[in-house]
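See structure below.
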Amino acid sequence: MTIPALGLGTFRLKDDVVIASVKTALELGYRAIDTAQIYDNEAAIGQAIAESGVARSELFITTKIWTENLGKDKLITSLQESLQKLRTDYVDLTLIHWPSPNDTVAVEEFMAALLEARTLGLTRQIGISNFTIPLMERAIAAVGADNIATNQIELSPFLQNRKVVDWAAEHGIHITSYMTLAYGKALKDETIAAIAAKHHATPAQVILSWAIGEGYAVIPSSTKRENLASNLLALTLTLDAEDKLAIAALECNDRLVSPEGLAPQWD
């Protein structure tokens, strides 16, 4: 099973807002939805999917296990609760949202529990998020690279994370990019704007097309129908070598997500 190149992110969207976003996205043709236990929107997303009329078999649903549920005595139970909220018997992908702070729960313990969840049929694929190279090494040692579908990391034109991306590629681990538009900052960049004008595209389409072209999956979120529809068109935009070089030059290690007490020691 491959991870869809473009899906719908739902971070910070709740209640009626997330219901409307998911319903509109599904109507427009999105089939991948990314959520997490800590987003507190799984039940609303489950409602939106149920009311959309789209068959479960057509969807690719991702959720993420929160740090409080990483212990082997909690992980599977918490995932079962997520499935109840999402109104489904399984999710397509379950990620470890963040590594356990201070290694309170060992990587080996929660990866083994995640693999057991897959064996039980609760999830089709398993993966990781916000993992550094040393943490990826431990995850691979625990369950094997073949069992790690993706590492979801912050990645944008301003934080291209080449060290982690290249290491992951060498070990056969796919990358999913979150915060690809850098909280909207990248949409205002002059280089991006120039490339967009050249292709008669939007800045968001350029950035998403760049990330998809690099082989990453992307999960932008929006509450506006026009933006949801526009983002989908990134799948049909092809950037040239000159565009890619220009975007590569925007790297400035501008990390936007590094919560104190939660973030690992970044590579």
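Start at 1 with the first residue, then count along the sequence. Here the structure is a predicted model, which is why all the values come from computation and not from measurement.
- Between Phe158 and Asp189, some side-chain heavy-atom pair lies under the 4.5 Å cut-off.
- Taking the salt bridge (Lys or Arg N to Asp or Glu O under 4.0 Å) definition, one finds that Glu27 meets it with Arg225, sequence neighbours left out.
- Taking the side chain as every heavy atom from C-beta outward, Gln47 and Val22 never approach each other to under 4.5 Å.
- For Asn69, the side chain to side chain donor-acceptor pair (under 3.5 Å) criterion is met by Gln37, not counting sequence neighbours.
- The salt bridge (Lys or Arg N to Asp or Glu O under 4.0 Å) test applied to Glu214 returns Arg162, not counting sequence neighbours.
- Between Ile19 and Ser21 the shortest side-chain heavy-atom distance does not fall below 4.5 Å.
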Which donor-acceptor pairs under 3.5 Å do the side chains of residues 205-212 make with protein atoms, sequence neighbours left out?
unit_1: Gln205; atom_1: OE1; unit_2: Thr202; atom_2: N; d: 3.0
unit_1: Gln205; atom_1: NE2; unit_2: Ser230; atom_2: O; d: 3.1
unit_1: Gln205; atom_1: NE2; unit_2: Ser230; atom_2: OG; d: 2.9
unit_1: Ser209; atom_1: OG; unit_2: Leu237; atom_2: O; d: 2.7

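- Counting only residues at least two apart or in different chains, ring-ring contact (aromatic ring centres under 6.0 Å, His included) contacts with residues 167-196 comprise Trp167-His171.
- In this structure, Lys198 pairs ionically with Asp240, as a charged nitrogen and a carboxylate oxygen lie closer than 4.0 Å.
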**Request:** Take His199 and Leu239 through the side-chain contact (heavy atoms from CB on, under 4.5 Å) test and state the conclusion after the steps.
**Result:** CA-CA 8 Å; His199 290 279; Leu239 304 182; 4.0 Å; yes
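- No side-chain donor-acceptor contact under 3.5 Å links Asn130 to the backbone of Trp98.
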What pairs of donor and acceptor atoms, side-chain ones from residues 256-267 against any protein atom, are under 3.5 angstrom apart with sequence neighbours left out?
unit_1: Ser258; atom_1: OG; unit_2: Trp266; atom_2: NE1; d: 2.9
unit_1: Asp267; atom_1: OD2; unit_2: Ile133; atom_2: N; d: 2.8

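- Remark: Arg31 is not positioned above the aromatic ring of Phe60, lacking an NZ or CZ atom under 6.0 angstrom from the ring centre and at most 45 degrees off the axis.
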**Request:** For side-chain contact (heavy atoms from CB on, under 4.5 Å), just list the numbers for Leu120 and Ile76, CA-CA rounded to whole Å, side-chain angles, deciding distance to a tenth of an Å, and then say yes or no.
**Result:** CA-CA 9 Å; Leu120 292 171; Ile76 287 174; 3.8 Å; yes
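- Residues Ile96 and Leu75 meet the side-chain proximity criterion, which asks for heavy atoms closer than 4.5 Å.
- Under a 3.5 Å cut-off, the side chain of Thr10 and the backbone N or O of Leu13 do not form any donor-acceptor pair.
- Taking the salt bridge (Lys or Arg N to Asp or Glu O under 4.0 Å) definition, one finds that Glu226 meets it with nothing, sequence neighbours left out.
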Without placing hydrogens or testing angles, list every side-chain donor-acceptor pair under 3.5 Å for residues 108-119, not counting sequence neighbours.
unit_1: Glu108; atom_1: OE1; unit_2: Arg138; atom_2: NH2; d: 2.9
unit_1: Glu108; atom_1: OE2; unit_2: Arg138; atom_2: NE; d: 3.1
unit_1: Glu109; atom_1: OE2; unit_2: Lys72; atom_2: N; d: 2.9
unit_1: Arg118; atom_1: NH1; unit_2: Asn147; atom_2: OD1; d: 3.0
unit_1: Arg118; atom_1: NH2; unit_2: Asn147; atom_2: OD1; d: 2.8
unit_1: Thr119; atom_1: OG1; unit_2: Leu115; atom_2: O; d: 3.1

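- Every residue meeting the side chain to side chain donor-acceptor pair (under 3.5 Å) condition with Asp254, not counting sequence neighbours, appears here in chain and number order: Lys185.
- Screening residues 45-54 for salt bridge (charged side-chain N to carboxylate O under 4.0 Å, His left out) gives Lys23-Glu51 as the qualifying pairs, with residues at least two apart or on separate chains.
- Thr176 places none of its side-chain heavy atoms less than 4.5 Å from the side chain of Ile153.
- By the salt bridge (Lys or Arg N to Asp or Glu O under 4.0 Å) test, Arg56 pairs with Asp92, sequence neighbours left out.
- Counting heavy atoms from C-beta on, the side chains of Ile49 and Arg87 never come closer than 4.5 Å.
- By the 4.5 Å heavy-atom criterion applied to side chains, Thr223 and Val18 are not counted as neighbours.
- With rounding to the nearest 0.5 Å, the separation of CG in Asn227 from CG in Leu187 is 9.0 Å.
- For the 3.5 Å distance criterion, the side chains of Thr63 and Thr94 fail to qualify, holding no donor opposite an acceptor.
- Legend: ring-ring contact (aromatic ring centres under 6.0 Å, His included) pairs involving residues 10-39, not counting sequence neighbours, sorted by first then second residue: Phe11-Tyr39, Tyr39-His97.
- The side-chain heavy atoms of Arg124 and Val91, taken from C-beta on, include no pair separated by under 4.5 Å.
- Atom CG in Leu86 sits 12.0 Å away from atom CD in Glu81 (nearest 0.5 Å).
- Checked by atom type, the side-chain pair Thr35/Asn41 shows a donor-acceptor distance below 3.5 Å.
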